[in-house]
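Data first, discussion second: the structure below is written as structure tokens.
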Amino acid sequence: MNNLILQIDTSTTICSVALSENGETLAVIDLDEPNAHAAKLTILIAEILKQTNRTMQDLTAVAVSMGPGSYTGLRIGVSTAKGLCYALDIPLIAINTLEALFLGYKEQFGLKEQEAYLPMLDARRMEVYTAVYDHNADLVKATSAEIIDVDYFNELLSSYSRVHLFGSGADKFEDLFGATDRVHILTGFQDSAAFLSQLAFDKFQKRQFEDIAYFEPFYLKDFVVTTAKKKVGLL
């Protein structure tokens with residue numbers, strides 16, 4: 001049986017849609033335009049189905065990049081995916097954005113012994129959403145929000161000969177780590193819905209589906225705790 005999965009990634013500034021069959025990407029559209037998520041996502045979905053001569057009724061599932069990432073982008077992507085799954089009565093598959101970004105890097109560049117790999121999504125200022133993988137593609141450190149400074153990788157570099165940074169959050173550290181070859185930054189490497197293909201197919205085969213009614217994006221936002229002001233009593 002051929003499993004045709006529509007894939008949506010709106011976690012960053014890139015609005016990306018892909019179509020895969022049994023884990024193989026058939027087509028992908030990556031669009032980097034202002035407000036593309038809200039204005040163009042449904043148009044891109046219609047276009048990719050047209051390109052591949054498929055219809056909505058041919059889909060067996062929808063996979064969405066669940067985050068972390070842009071709050072607004074994730075909201076739009078997940079809402080669209082849930083709406084399609086509900087209307088077509090097909091399952092929803094959620095993929096961690098950083099895991100997909102890492103696998104996209106691995107497919108294009110491969111992995112080297114005793115080196116660590118950090119997919120990064122831009123948060124704000126010197127903060128990123130990231131995770132750490134080793135040369136066996138094993139997850140060493142789970143997804144977290146981190147503030148990066150010049151000493152951040154010292155501990156990691158005591159265990160690995162080199163660390164690789166890539167994704168929308170990595171580019172801003174090019175100057176910070178320019179003096180050391182042990183921190184390698186691959187600039188311009190963007191996420192894509194095409195990176196979801198194998199992960200989505202694996203989850204489909206294992207029937208790891210989300211509850212369409214209750215599923216929410218993985219925002220990874222810290223709660224801000226505020227202290228209530230003391231009331232001044234009357235003397």
Side-chain angles (χ1 to χ4, degrees), residues 1-31 35-104 119 121 129 131 139 142-143 191-221 223:
M1 178 181 176
N2 289 334
N3 296 300
L4 192 70
I5 301 177
L6 175 69
Q7 296 157 194
I8 297 170
D9 188 342
T10 55
S11 58
T12 66
T13 58
I14 308 294
C15 184
S16 182
V17 174
L19 199 63
S20 69
E21 190 170 48
N22 297 336
E24 296 293 328
T25 304
L26 299 179
V28 60
I29 303 174
D30 297 322
L31 184 64
N35 304 314
H37 304 334
K40 300 285 183 67
L41 180 55
T42 54
I43 295 173
L44 296 186
I45 292 170
E47 176 61 28
I48 206 161
L49 288 169
K50 182 180 178 182
Q51 284 183 12
T52 55
N53 197 29
R54 308 299 172 90
T55 69
M56 288 286 190
Q57 286 66 38
D58 294 326
L59 299 177
T60 50
V62 177
V64 66
S65 187
M66 63 183 282
S70 159
Y71 181 93
T72 302
L74 290 173
R75 201 80 186 159
I76 293 169
V78 168
S79 296
T80 301
K82 288 170 70 171
L84 288 171
C85 289
Y86 182 79
L88 298 168
D89 193 23
I90 56 177
L92 173 67
I93 299 168
I95 305 294
N96 183 290
T97 306
L98 291 170
E99 184 179 5
L101 188 61
F102 167 72
L103 288 183
L121 298 172
Y129 302 128
L139 182 65
T143 300
D191 59 327
S192 171
F195 298 162
L196 276 62
S197 297
Q198 189 59 54
L199 291 168
F201 182 55
D202 290 345
K203 282 198 167 187
F204 185 88
Q205 289 183 304
K206 296 173 183 175
R207 302 188 65 79
Q208 295 177 346
F209 305 141
E210 304 299 328
D211 187 313
I212 296 173
Y214 296 103
F215 177 73
E216 291 292 329
F218 178 36
Y219 293 120
L220 194 62
K221 292 176 70 175
F223 289 101

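This chain uses plain numbering: 1 for the first residue, then up along the sequence. Because the structure is predicted, anything quoted here is derived from the model rather than measured.
Under the 3.5 Å distance criterion, with hydrogens and angles disregarded, no donor-acceptor pair is assigned to the side chains of S65 and D191.
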Before you tell me yes or no, could you show the steps for R75 and E216 under side-chain contact (heavy atoms from CB on, under 4.5 Å), namely the whole-Å CA-CA distance, both residues' side-chain angles and the distance that decides it to 0.1 Å? CA-CA 8 Å; R75 201 80 186 159; E216 291 292 329; 2.6 Å; yes
As a quick check of understanding, evaluate side-chain contact (heavy atoms from CB on, under 4.5 Å) for L103 and Q198, giving each step before the final call. CA-CA 9 Å; L103 288 183; Q198 189 59 54; 5.7 Å; no
Could you give me the CA-CA distance, side-chain angles and deciding distance for I45 and T80, then say whether side-chain contact (heavy atoms from CB on, under 4.5 Å) is met? CA-CA 10 Å; I45 292 170; T80 301; 4.0 Å; yes
Starting from the C-alpha separation in whole Å, work towards a yes-or-no answer on side-chain contact (heavy atoms from CB on, under 4.5 Å) for F218 and T143. CA-CA 10 Å; F218 178 36; T143 300; 3.7 Å; yes
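Under the 3.5 Å distance criterion, the side-chain polar atoms of S16 are left unmatched by any main-chain donor or acceptor of S192. D9 places a side-chain N or O within donor-acceptor distance of the main-chain N or O of S11, the cut-off being under 3.5 Å. Judged by distance alone, with hydrogens and angles left aside, the side-chain atoms of K203 form no donor-acceptor pair with the main-chain N or O of I95 at under 3.5 Å. Side chain of S79 to backbone of I76: no donor-acceptor contact under 3.5 angstrom is found.
Between the CG atom in N22 and the CZ atom in F204 there is a gap of 9.0 Å [rounded to 0.5 Å]. Between atom CZ of residue F209 and atom CD1 of residue I90 there is a gap of 10.0 Å, rounded to the nearest 0.5 Å. If you take OG on S70 and CD1 on I14, they are separated by 12.0 Å, rounding to the nearest 0.5 Å. Rounding to the nearest 0.5 Å gives a distance of 13.5 Å between NZ of K50 and CG of L44. Atom CG of L6 sits about 7.5 Å away from atom CD1 of I48, to the nearest 0.5 Å. Here SG of C15 is found 6.0 Å from CG of L31. Values are rounded to the nearest 0.5 Å.
Contact between N2 and E21 at its shortest, heavy atoms only, is CB-OE2, 3.4 Å. Among all heavy-atom pairs drawn from P217 and V78, the shortest one is CG-CG2, 3.6 Å. Residue A81 comes nearest to L92 through the heavy atom pair CB-CD1, 3.8 Å, listed as atom of the first residue, atom of the second, then distance. Shortest non-hydrogen contact noted between P68 and L74 is C-CD1, 4.0 Å. The two residues K82 and A213 have their closest heavy-atom pair at NZ-O, 3.9 Å. A pairwise comparison of heavy atoms in G73 and H37 identifies CA-CD2, 3.7 Å as the closest pair.
Side-chain contact check for D58 versus T52: every heavy-atom pair is 4.5 Å or farther apart. Using a 4.5 Å heavy-atom cutoff, the side chains of I29 and Q51 are in contact. Residues Q57 and L88 meet the side-chain proximity criterion, which asks for heavy atoms closer than 4.5 Å.
Looking at I5, L49, N3, L84 one by one, the single match for side chain to side chain contact (heavy atoms under 4.5 Å, CB included) with L59 turns out to be L49.
Atom CG of D211 has more than 12 heavy atoms from other residues, nucleotides or ligands within 6.0 Å.
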